[in-house]
**Student:** 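First the structure, which I've put down as structure tokens, then a few questions once you've had a look.
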Amino acid sequence: MTTLRRELGLLDATMINAGTMIASAIFIVPAIIAQHVGGTGPILLVWIVGGIVSLFGALAVAELGAAMPEAGGQYVYLSRAYSPLWGFLYGWATFAVVNTASIAAIAVGFATYLGFFVPLDGFGIRAVAIASVVVLTAVNCFGVRLGATIQNIFTLLKIGALSALVALAFAPSGAGGLSPIWPGESVGRLAGPFGLAMIQVLWAYDGWIEITYTGSEVRDPGRTIPRSIVLSTMLVMTLYVAVNLAYLAVLSPGGVAASSLVASDAVQAVMGTAGAALVAGAILVSTFGANHGIVLTSARIPFAMAREGRFFAWAARVHPRFRTPVFALIAQGGVAIALTLSGTYEQLATYVVFASWLFYALSAAAVIRLRSTAPDLPRPYKTWGYPVTPILFIAFALWLVGVTIVEAPREATVGAGLVLTGVPVYWWFTRRSRTPSA
């Protein structure tokens with residue numbers, strides 16, 4: 001049987017993770033954060049705490065990735081730690097909604113910002129979005145090495161763009177200043193707004209798990225996977241804090257809170273109208289690169305499911321020359337395009353985003369569970385700070401799920417229903433293939 005090929009090194013793995021994490025949120029979310037917690041101190045603190053929480057999750061998943069370097073990532077970990085049903089529910093949710101809706105949403109965002117340079121109506125935006133999904137899918141059919149090289153280029157470009165933004169902000173200009181450092185409210189009154197801001201920040205950091213989906217294509221996975229996960233999370237955390245400091249230095253906390261396009265306003269304050277084109281270009285690079293990372297990695301989940309007889313057999317086929325899961329990639333692209341045409345991608349993504357964090361919590365808990373149920377499992381890397389770090393991450397993830405349920409009960413209920421539609425599908429595949437293929 002043709003298998004995937006181990007071709008990804010440390011740089012590739014780090015750039016895949018970092019490139020997926022850095023999408024459009026850093027250009028938009030800072031204004032929402034400033035509206036919740038005015039003042040330079042709390043704004044930077046929420047980004048730092050969010051980065052640390054994400055790092056705790058990354059440290060936990062790094063142990064699983066090093067111990068089980070297989071295609072599918074969380075699908076494999078949840079199946080091993082709990083049962084194949086839990087793994088399937090995760091894989092089904094990501095293929096049917098979570099990852100495909102994300103691909104659709106980011107593609108539409110990319111096309112929307114392309115409209116800054118080329119006038120596009122509603123039809124044009126959808127056409128460009130679909131074309132970008134087709135291109136990204138096709139590119140990744142021609143080998144993981146080609147896909148990784150493209151990802152490296154786009155991630156380095158977006159890191160360069162964000163670094164340039166920071167440098168421009170601290171050049172001589174009419175900066176707004178960092179005052180107030182702390183808002184007038186007491187620490188106690190900031191607790192609620194801080195929590196709401198944390199939700200936005202944790203979503204902005206999302207993507208630190210992506211490289212685990214390609215575990216069977218990483219060289220020396222016992223060392224490369226944990227290192228890349230930790231390095232990418234720390235890199236993105238540093239960039240996010242620096243960029244927010246730049247926004248604050250130029251616009252002041254009040255200016256950031258009042259801005260609907262914070263990155264554009266900050267750069268225009270320094271460069272004038274030419275800054276708008278720079279920011280639009282940076283967002284194009286950022287969204288295209290982030291979507292490339294999702295397309296590359298996420299197709300490995302249905303591929304892994306099919307290899308175990310829990311998805312359509314054709315999804316397990318590997319191209320004999322390029323060693324890529326071509327049919328899984330095409331199917332993923334097809335679902336993403338369908339969601340783009342239907343216009344339901346944003347709504348679906350809202351419905352199931354809380355489920356993603358429930359699965360994150362289960363993955364971190366799997367570290368603890370497998371230490372007990374599978375003590376002999378080879379662990380080239382063990383979670384730093386165990387068991388404190390995974391427990392803290394589990395607590396934050398469950399808190400985020402709880403807040404979503406309380407604040408948006410309808411969306412949470414529909415999201416849970418969408419995930420649970422995987423139960424009858426799982427039993428159908430189980431009955432159809434009682435003996436999983438190798």
**Student:** Tell me every residue that passes side chain to side chain contact (heavy atoms under 4.5 Å, CB included) with Ala93, counting only those two or more places apart in sequence or in another chain.
**Tutor:**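 Listed in chain order: Val98, Phe359, Val419.
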**Student:** Relative to each other, are the rings of Tyr426 and Phe88 parallel, tilted or perpendicular (30° and 60° limits)?
**Tutor:** tilted
**Student:** Please enumerate all residues that pass salt bridge (charged side-chain N to carboxylate O under 4.0 Å, His left out) together with Arg371, with sequence neighbours excluded.
**Tutor:** Glu63
**Student:** Does Val144 reach the side chain of Thr214, with side-chain heavy atoms less than 4.5 Å apart?
**Tutor:**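 SC-SC contact between Val144 and Thr214 ruled out.
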**Student:** Would you please test Phe429 and Phe312 for ring-ring contact (aromatic ring centres under 6.0 Å, His included) and show each step?
**Tutor:** CA-CA 8 Å; Phe429 277 115; Phe312 298 105; 5.1 Å; yes
**Student:** Step through the shown structure and confirm whether more than 12 heavy atoms of other residues, nucleotides or ligands are within 6.0 Å of CH2 on Trp314.
**Tutor:** yes
**Student:** Quick one: CD1 on Ile229 to OG on Ser54, what's the gap to the nearest 0.5 Å?
**Tutor:** 12.5 Å
**Student:** Return yes if some donor-acceptor pair links the side-chain N/O of Arg6 with the main-chain N/O of Gly215 below 3.5 Å, else return no.
**Tutor:**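 Side chain of Arg6 to backbone of Gly215, a donor-acceptor pair under 3.5 Å: yes, one is there.
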**Student:** Please check if the distance between the ring centroids of Phe95 and Phe311 is under 6.0 Å.
**Tutor:** yes
**Student:** Please report the closest heavy-atom contact between Ala361 and Phe393, naming both atoms and the distance.
**Tutor:**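 Where Ala361 meets Phe393 most closely, the heavy atoms are N-CE2, 4.4 Å.
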**Student:** To the nearest 0.5 Å, how far apart are CZ in Arg310 and CG in Leu85?
**Tutor:** 9.5 Å
**Student:** So do the side chains of Asn140 and Thr324 get within less than 4.5 Å of each other, counting heavy atoms only?
**Tutor:**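 No, every pair of side-chain atoms sits at 4.5 Å or beyond.
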**Student:** Working to the nearest 0.5 angstrom, can you tell me the gap between His292 NE2 and Thr137 OG1?
**Tutor:** 9.5 Å
**Student:** How far apart are the closest heavy atoms of Val256 and Tyr247, and which atoms are they?
**Tutor:** CG2-O, 3.7 Å
**Student:** Evaluate the side-chain proximity of Leu45 to Val37: yes if any heavy-atom separation is below 4.5 Å, no if none is.
**Tutor:** no
**Student:** Where do Ser232 and Ala18 come nearest, in terms of heavy atoms and distance?
**Tutor:** CB-N, 3.7 Å
**Student:** Measure the spacing between CG of Leu10 and CE of Met15 and express it to the nearest 0.5 Å.
**Tutor:** 9.0 Å
**Student:** Check Leu341 against Arg126 and note the closest heavy-atom contact, atom names and distance.
**Tutor:**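 Smallest heavy-atom distance, with atoms named: O-NH1, 2.7 Å.
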**Student:** Side-chain atoms of residues 198-213: list all donor-acceptor pairs with protein atoms under 3.5 Å, sequence neighbours left out, distances to 0.1 Å.
**Tutor:**
residue : atom : partner : partner atom : Å
Tyr205  : OH   : Trp47   : O            : 2.9
Asp206  : OD1  : Tyr360  : OH           : 2.4
Glu210  : OE1  : Thr297  : OG1          : 2.5
Thr212  : OG1  : Ile209  : O            : 2.6
Tyr213  : OH   : Tyr90   : OH           : 2.5

**Student:** Are the side chains of Ile33 and Val29 in contact, using a 4.5 Å heavy-atom criterion?
**Tutor:** yes
**Student:** Rounded to the nearest 0.5 Å, what separates atom CD1 in Ile150 from atom CG in Leu146?
**Tutor:** 4.0 Å
**Student:** What I'd like to find out is whether the side chain of Leu8 reaches to under 4.5 Å of the side chain of Gln151, using heavy atoms alone.
**Tutor:** no
**Student:** To the nearest 0.5 Å, what is the distance between CG (Leu231) and CG (Leu235)?
**Tutor:**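 Going from CG on Leu231 over to CG on Leu235, the span is 8.0 Å.
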**Student:** Does Trp384 offer a backbone N or O that forms a donor-acceptor pair with the side chain of Thr389 under 3.5 Å?
**Tutor:** yes
**Student:** Arg5: which residues meet the salt bridge (charged side-chain N to carboxylate O under 4.0 Å, His left out) condition with it, sequence neighbours left out?
**Tutor:** Glu7
**Student:** Mind running salt bridge (Lys or Arg N to Asp or Glu O under 4.0 Å) on Asp12 and Arg145 for me, showing each step along the way?
**Tutor:** CA-CA 9 Å; Asp12 306 316; Arg145 178 66 266 156; 2.8 Å; yes
**Student:** Could I get the full list of salt bridge (charged side-chain N to carboxylate O under 4.0 Å, His left out) partners for Arg219, not counting sequence neighbours?
**Tutor:**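 Applying salt bridge (charged side-chain N to carboxylate O under 4.0 Å, His left out) to Arg219 gives none.
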**Student:** Do you know the tightest heavy-atom contact between Tyr75 and Gly87?
**Tutor:**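 Of all heavy-atom pairs spanning Tyr75 and Gly87, the closest is CD1-O, 3.1 Å.
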**Student:** Would you please test Val108 and Thr340 for side chain to side chain contact (heavy atoms under 4.5 Å, CB included) and show each step?
**Tutor:** CA-CA 8 Å; Val108 171; Thr340 302; 4.0 Å; yes
**Student:** Using a 3.5 Å distance criterion without hydrogens, assess whether the side chain of Arg321 forms a donor-acceptor pair with backbone atoms of His319.
**Tutor:**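 Absent.
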**Student:** Is there a side-chain contact between Asn244 and Ile26 (heavy atoms, below 4.5 Å)?
**Tutor:** yes
**Student:** With a 4.5 Å heavy-atom cut-off, do Asn291 and Ile294 have their side chains touching?
**Tutor:** yes
**Student:** Report, one line per pair, each donor and acceptor closer than 3.5 Å where one atom sits in a side chain of residues 277-290; sequence neighbours left out.
**Tutor:**
residue : atom : partner : partner atom : Å
Ser286  : OG   : Ile22   : O            : 3.1
Ser286  : OG   : Ala23   : O            : 2.4
Thr287  : OG1  : Ile283  : O            : 2.8
Thr287  : OG1  : Leu284  : O            : 3.2

**Student:** May I ask you to decide if Gly72's main-chain N or O and Arg300's side chain share a donor-acceptor pair within less than 3.5 Å?
**Tutor:**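 No; zero donor-acceptor contacts below 3.5 Å.
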**Student:** Taking the side chain as every heavy atom from C-beta outward, state whether Tyr82 and Tyr77 have any pair of such atoms under 4.5 Å apart.
**Tutor:**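 They are not in contact (no side-chain heavy atoms under 4.5 Å apart), so the answer is no.
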**Student:** How far apart are the closest heavy atoms of Ile103 and Ala336, and which atoms are they?
**Tutor:** CG2-CB, 3.8 Å
**Student:** Treating Arg307 as the side-chain partner and Ala316 as the backbone partner, does any N or O pair qualify as donor plus acceptor under 3.5 Å?
**Tutor:**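 Yes, the answer is positive, given that a donor and an acceptor are paired below the 3.5 Å cut-off.
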